Amino acid sequence: MNMRYAGVLVLLLLLPVLVACQSTAQGQANLGAPESPVIMRVGVQQFTIADFSQRLTRDIGPAIEGLLAQGQTPAEIEQLAVEAEIRTQIFDQMLQDALLGRYARQHGIGVDAAAIDAEVLAIVQPAEDSPFLITTDARLQSAQSQLSFEVVARNTVAPMARTRLMLVPDEAQADEVLALLAAGGDFYALAGERGLDIGAPLNDAAITWLPTGNFPPEIDSVVFSTPLQTPGKVSTTSGVYVFEVLERDEQRPFDSFEMLRSSQNAQVFYEQSFAPWYETLLLDAQASGDLQIAENFDPNMVPLPFPE
């Protein structure tokens with residue numbers, strides 16, 4: 001059986017599938033007779049056909065119900081699923097969740113229990129007739145996603161900089177500010193007196209790392225080429241920015257998945273750094289035997305989760 005591995009499939013609804021297909025000739029293993037329910041092992045964790053069926057129900061069950069409600073027949077939905085290779089995608093997602101979860105455990109990456117509670121309870125609320133709501137499945141799903149997102153962030157890198165910015169009306173005022181800075185003036189005091197950007201940070205500690213693409217366009221290329229800790233200026237359509245790059249890192253990991261997701265070039269960063277990192281993780285797991293996929297398993301043989 002030849003399976004295809006997409007990119008971070010846990011992000012299927014957030015980022016496009018980004019990684020080219022790969023063969024699993026390595027890492028395949030006959031995990032038992034054809035009737036065996038085991039389809040995959042990652043380390044000591046094993047997954048069965050029942051697990052895969054549950055994943056299908058979770059991931060595309062609501063969509064199938066919606067298509068049926070719109071008048072699509074089961075045969076038409078089956079054809080759509082085959083054309084989109086949806087079963088293979090979900091199997092790849094299941095595999096990737098397992099590999100990233102294993103990586104998280106090996107590297108001491110945990111979850112934020114309070115964030116999981118907030119996420120789950122924002123979606124599922126106890127009813128009057130069921131005050132003791134059981135949310136185990138929802139919490140596990142949230143924890144799995146949180147771990148995967150954290151691994152993605154830690155292994156996606158981009159050129160980043162921490163930069164002071166002060167927007168002033170024109171070149172003349174920019175030159176005055178630069179002269180005052182050269183004479184020992186305080187950047188933030190001057191920004192408070194002369195700056196137009198009332199939302200600018202008030203001190204160095206408030207300046208966060210930003211990846212390339214997240215600065216105003218006219219500033220972006222300058223920020224990543226100018227000498228460090230050397231005030232300069234650049235004209236934009238909004239006015240003139242006085243700036244100073246405090247720190248710069250050409251290959252800095254993202255602090256969080258939210259930081260990655262909100263970045264202008266998130267997909268590019270993902271393709272250039274996380275995708276090859278994950279491919280290496282996958283190939284290493286295959287070569288070491290930590291990943292085994294039953295050669296007698298075909299995701300397309302598992303029925304779609306049509307409602308009974």
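Source: prediction; values computed, not measured.
- Grouping the Ile, Leu, Val, Met, Phe, Trp and Tyr side chains by contacts below 4.5 angstrom, directly or via other members, places M160 with W277.
- Side chains of V222 and F215 form no contact here, defined as non-hydrogen atoms less than 4.5 Å apart.
- The two residues I39 and I49 make their nearest non-hydrogen contact at CG2-CG1, 3.4 Å.
- The environment of CG in L228 is crowded: more than 12 heavy-atom neighbours from other residues, nucleotides or ligands sit within 6.0 Å.
- In this structure the side chain of Y188 reaches within 4.5 angstrom of the side chain of D204, judged on heavy atoms.
- Each of I207 and Y241 belongs to its own hydrophobic cluster when Ile, Leu, Val, Met, Phe, Trp and Tyr are linked at side-chain heavy-atom distances under 4.5 angstrom.
- Atom CD of E78 sits about 8.0 Å away from atom CG of N300, to the nearest 0.5 Å.
- Remark: side-chain polar atoms of E76 are paired, donor with acceptor, to backbone N or O of T73 under 3.5 angstrom.
- Remark: the backbone N or O of F274 is not paired with any side-chain donor or acceptor of N155 at under 3.5 angstrom.
- Residues L282 and Y270 fall within the same hydrophobic cluster, defined by Ile, Leu, Val, Met, Phe, Trp and Tyr side chains chained together at heavy-atom separations under 4.5 Å.
- Shortest non-hydrogen contact noted between A285 and L99 is CB-CD2, 4.0 Å.
- Taking all atoms of both residues into account, the shortest heavy-atom contact from S235 to V240 is OG-CG2, 3.9 Å.
- In this structure, I77 CD1 and L68 CG are separated by 4.0 Å, a value rounded to the nearest 0.5 Å.
- The closest side-chain heavy-atom distance from W209 to M259 is below 4.5 Å.
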- Residues E150, Q146; criterion side chain to side chain donor-acceptor pair (under 3.5 Å); working and verdict: CA-CA 6 Å; E150 179 67 19; Q146 190 182 112; over 6 Å; no
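- Without hydrogens or angle criteria, R87 side chain to V302 main chain gives a donor-acceptor distance under 3.5 Å.
- Within the model, atoms CG of L181 and OG1 of T230 stand 11.5 Å from one another, a figure rounded to the nearest 0.5 Å.
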Per-pair distances, 0.1 Å, donor-acceptor, side chain in residues 242-250, under 3.5 Å, sequence neighbours excluded:
from, atom 1, to, atom 2, distance (Å)
E244, OE1, R164, NH1, 2.7
E247, OE2, R162, NH1, 2.8
R248, NH1, V223, O, 2.8
R248, NH1, T226, O, 2.8
R248, NH2, T226, O, 2.9
D249, OD1, Q251, N, 2.9

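- The two residues G213 and N265 come nearest to each other via the heavy atoms CA-ND2, 3.6 Å.
- In this structure, Q46 CD and M40 CE are separated by 10.5 Å, a value rounded to the nearest 0.5 Å.
- For the atom pair CG (D284) and CG (L291), the distance works out to 11.0 Å, reported to the nearest 0.5 Å.
- For the pair I293/F91, a side-chain contact is recorded, criterion being any heavy-atom separation below 4.5 Å from C-beta on.
- Between F47 and L95 the shortest side-chain heavy-atom distance does not fall below 4.5 Å.
- You'll find the side chain of E176 reaches within 4.5 Å of the side chain of R194, heavy atoms only.
- Cluster annotation: L190 and L167 are assigned to distinct hydrophobic clusters (Ile/Leu/Val/Met/Phe/Trp/Tyr, side-chain heavy-atom contacts under 4.5 Å, transitive).
- In terms of hydrophobic clustering, with Ile, Leu, Val, Met, Phe, Trp and Tyr side chains grouped at heavy-atom distances under 4.5 Å, M94 and Y103 are assigned to a common cluster.
- Summarising the geometry, atom CD1 belonging to I90 is positioned 5.0 Å from atom CG belonging to L56; distances are rounded to the nearest 0.5 Å.
- In this structure a side-chain-to-backbone donor-acceptor pair under 3.5 Å is present from S273 to V157.
- Using a 4.5 Å heavy-atom cutoff, the side chains of L260 and F149 are not in contact.
- Taking the six-membered ring where tryptophan is involved, the planes of F269 and F254 are tilted, since the angle between them lies from 30° to 60°.
- Between D51 and Q54, the closest side-chain pair of non-hydrogen atoms falls below 4.5 Å.
- Of all the heavy atoms in A294 and V38, the pair that sits closest is CB-O, 3.9 Å.
- Side-chain atoms of Q89 and Q93 include no donor-acceptor pair closer than 3.5 Å.
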- What do the steps show when you test T237 against E218 for side chain to side chain contact (heavy atoms under 4.5 Å, CB included), and what is the final call? CA-CA 9 Å; T237 56; E218 299 89 344; 4.2 Å; yes
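- When all heavy atoms of A158 and P211 are compared, the pair lying nearest together is CB-CB, 4.2 Å.
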